[in-house]
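Letters A, B, ... are given to chains in the order of the sequence lines, protein chains preceding strands, and every chain is numbered from 1.
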Amino acid sequence: MSDSDTGNAAQAGGPEDERIKEIGGLRQWLIRPELGGIVGTIAVFVFFGILAGDSGMFNAQGIMNWSLISAQFMIIAVGACMLMVAGEFDLSVGSMIGFAGISIAMFGVVWGLPMWLAILVTFAICIAIGAINGFIVVRTGLPSFIVTLAFLFILRGFTIFIPQTVENRTIIGGIEEAAEGDWLAALFASDIMGWLFVWLADIGLVDTFQRGTREGQPVVDGIPMLIVWAIVLVIVGHTILTRTRFGNWIFAAGGDAQAARYVGVPVDRVKITMFMTTAFCATVFACCQVFEFGSAAADRGILKEFEAIIAVVIGGALLTGGYGSVMGAALGALIFGVVQQGLFFADVESSLFRVFLGVILLLAVILNTYIRRIITGER
Amino acid sequence: MKSFLKTVAAAALVAATPFMAAADGHLGGERYILVSHAPDSDSWWNTIRNALTLAGEQMGVEVEYRNPPTGDIADMARIIEQAAASGPDGIITTLADPTVLGDSIRAAVDAGIDVIIMNSGTPEQAREVGALMYVGQPEYDAGFAAGQRAAGDGVTSFLCVNHVISNPVVAERCQGFADGLGVELGESMIDAGQDPQEIQNRVMAYLNANPDTDGILTLGPTSADPTILALEELGLAGDIYFGTFDLGENIVAGIRDGVIEWGIDQQPFLQAYLPVVVLTNYHRYGVLPGNNINSGPGFITADGLELVEALAGEYR
C-alpha cells in the first residue's frame, strides 16, 4: 500500500491521463480556494471606502485598529484552517486562549518562574492538550465537534478554578513587571519599526499626539508583534500546506482518510499534529494578548473559536475537509476584522452589527460554494 | 502569494485615498462615544443607553454606545482604540480593568480626546489615565455602607451572590459588605454564573448547606431576580435579610412586597447623562466641575417607591 501509483488505476477512464491534464489559466485561477476571499476583500474595502472613508477608519489609528483585530483572527485562523483542511475542527480554541493566558500568569507571576520559562511551559502544556484532543479524536473515532466541545468546558473550568483557588481572583495582573526585560516575552509584546512611523509623522501622513507626555510622537508606535506573528504564521502555514509533502498529507487526510491510509499517509499523526497546531496558534494569541495588556483573565477568548471558524469559512475552506487555503483563511480574517470594525466607523447601531456580520458571512459562504460548484463541477 | 500582495496593494490604494484628520471644533453636533464593558446580555445597561440617548437629544450632540459583545475586556480595549481613531470630541468609558484599558485610554487622551470615566473604576484610577473626572459609585464604599446598615439591622452572616466573578471591581462590593458587617468574606461569595436557573439553584444549594445564613447580598438584577425565586421556593422570602445592588422591575416589586429590604441605587442614569452634559458644556463654554461626581450609593426602600417603580429598567 505504500506505492501511491497503484491506488489510481481505477480512475483513468478517458484517453488522456486526468492527473496531467492542462487547465486553462483563468480556470485555474477561478478554482483557487482564495477566490472568494480575494473578491470579498476588495468588495469590503470598496464598501467601507465609500461608506466610512472620512470617519477615521483609514487614518493611521484606524488602520492599526482593524489590522490588529484582523491579525488576531488570522493567528487563530491559520491553525483552524489547517485543521479544517485535515477534516476536523477545534471548538476549544477560545477556552485555550483564556487557559494559556492564565497559565502564563500563574507560572510567571504567582509561582515566580522566569517569564521565558513560564511561556515555554505554557506552550508545552497547551500543545500537549492539543495532542490529547487529537489523540482522543483519532482513537475513539468520535466527531471532533464533541471532543473539543468537551475541552471547551474543561479548559474554561480550570481557567476559572485554578486562579480562584490559588489566588482568590480571576484576573491576574503584574505581568508587565514580571516580563520586564525578558527576551522571550519581548517576542510577543513589543512594536517594531517605530522609525517608520516617526518618518510618516514627519511627512504628515500619520497624526501625532497633541498633548501629554507623548506630545509630538506619532499616534502609532510601530508594528505590533501581534501583526508580525500573524504574517509569519500565514506564510509558514501557506508554505507547509501548498509546498510540502506534509501539506499533501493534510489535504489527503481531510479529503478521504481511508483512501489516504491506503496510499500510506499517516492520517492519525497528521490529524494529531494539526490539533497541536491549533493549540499552538491559540497560545501565540494568548501570549500576544497577555503581554500587550499586562494581565490575564479567566474570561478571555470567549467565542473566539467561532470567530476562527468564521474566518476560515469565509476564506473558502470546506467544513467537511480536504479543501481550503491558509491564504484564503487569512483573507477571511481580514474581511472579518474589517467588517467588524468598519461597521462601527460607518456608524451602524452596535446591536445591528452582528446582523450585518451574519448576513455577510452567509453571503460569502454561499458565493464561495456557488462559484466552486460551477467551476469545478463537483456535486 | 502574488494575488495576496495585489490585494494588499489594492487595499492600500483604497485606504490611502480618503486620508483625512478628524475634524472637530464645530459648535453643536459634538460627537461623544460611550464604551462599556458589559456583554450584550446584561440588561442593566439599558438604562445607560436610554440616558445617553436622552442626554444627546437634550444637549443637541451625537452620542454612540459601544460594548464588547462577550464582555471581553481585551476586546473593549480595541473598541476604545477604535473609538479614538474615529476622532470624537469625547469618550465616556468604564475602567473595568485599568491594567488592560489604561494604555488605550491614555493614548486617546494624548491624541487630544477628552475622556470621562463612568461606572467602574475609582477617582484615583481616572486621574492616572488622564481622564477629566470620574462619575460613578465607589464600589467598596457602597458595599461598606450596605454592610454597616445590615449590621445595624442585626445581620451576622451572609451570602454574596456574584454573577460577574470575572470583574474584580464588582467583587469589591462583597468585600466592602463583609467589612461593613465585620465578618470574614471567606466562602460567603459564590460564583453564580449568568444563567438564571443556575443562579437560583446555587443560591438554594448554599442556603441548604448553610442554614444559619441570615443575610443575602446580590450584585444586580441578573443575580437578584433568580435569588428572589430561590427564596420563594425555600419559603424564606421576607424572612431572610435581603439587600441588593441596582434596580430592576423584579427588585422594585421585591422591595414593595417586603422580600427585599433595600436596593442600592448607583443611578446609572446619572452615570451616562452627566458626562454628556459635562463634556458638552466643557467644549462649548469651557466650564468644568471641580471634582468627581458620586452618582451613588442611594438606598431605596419601600418608602417612596412610586416613581422608581414607574421608571424601573428604563431610567431608574
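The two residues B/A85 and A/G62 have their closest heavy-atom pair at CB-N, 3.4 Å. Between B/Q82 and A/Q340, the closest heavy-atom pair is NE2-O, 4.3 Å. Scanning both residues, B/T70 and A/L303, for their nearest heavy atoms gives CG2-CD1, 3.3 Å. Here the closest non-hydrogen pair linking B/D97 and A/S295 is OD2-OG, 3.8 Å.
You'll find the side chain of B/D191 stays beyond 4.5 Å of the side chain of A/Q164, heavy atoms only.
Contact annotation for A/Q289: only side-chain heavy atoms (C-beta onward) come within less than 4.5 Å of a heavy atom of chain B. In this structure, chain B has a heavy atom under 4.5 Å from the side chain of A/I171, while its backbone stays farther away. With a 4.5 Å cut-off on non-hydrogen atoms, B/E81 touches chain A through its backbone and its side chain both. Only the side chain of A/I160 has a heavy atom closer than 4.5 Å to any heavy atom of chain B. Heavy atoms of B/I33 lying under 4.5 Å from chain A belong exclusively to its side chain. The contact between B/A83 and chain A is made by backbone and side chain atoms together, counting heavy-atom distances below 4.5 Å.
Put simply, of A/D299, A/T242, A/V44, A/I50, the one with the most heavy-atom pairs under 4.5 Å next to chain B is A/D299.
The main-chain N or O of A/F293 is never found under 3.5 Å from a side-chain atom of B/D103 such that the two would form a donor-acceptor pair. Between the B/D72 side chain and the A/G301 main chain, a donor and an acceptor come within less than 3.5 Å of each other.
B/S86 OG to A/Q341 CD: the interatomic distance, rounded to the nearest 0.5 Å, is 11.0 Å. Of the inter-residue distances, the one linking B/R78 atom CZ with A/N65 atom CG reads 7.5 Å to the nearest 0.5 angstrom.
Within 6.0 Å of CD on B/E187 lie no more than 12 heavy atoms contributed by other residues, nucleotides or ligands. Within a 6.0 Å sphere centred on CD of B/E124, other residues, nucleotides and ligands contribute more than 12 heavy atoms. Counted within 6.0 Å of OH on B/Y140, heavy atoms from surrounding residues, nucleotides or ligands total more than 12; the atom is thus considered enclosed.
Under a 4.0 Å N-O distance rule, the pair B/D75/A/R300 does not qualify as a salt bridge.
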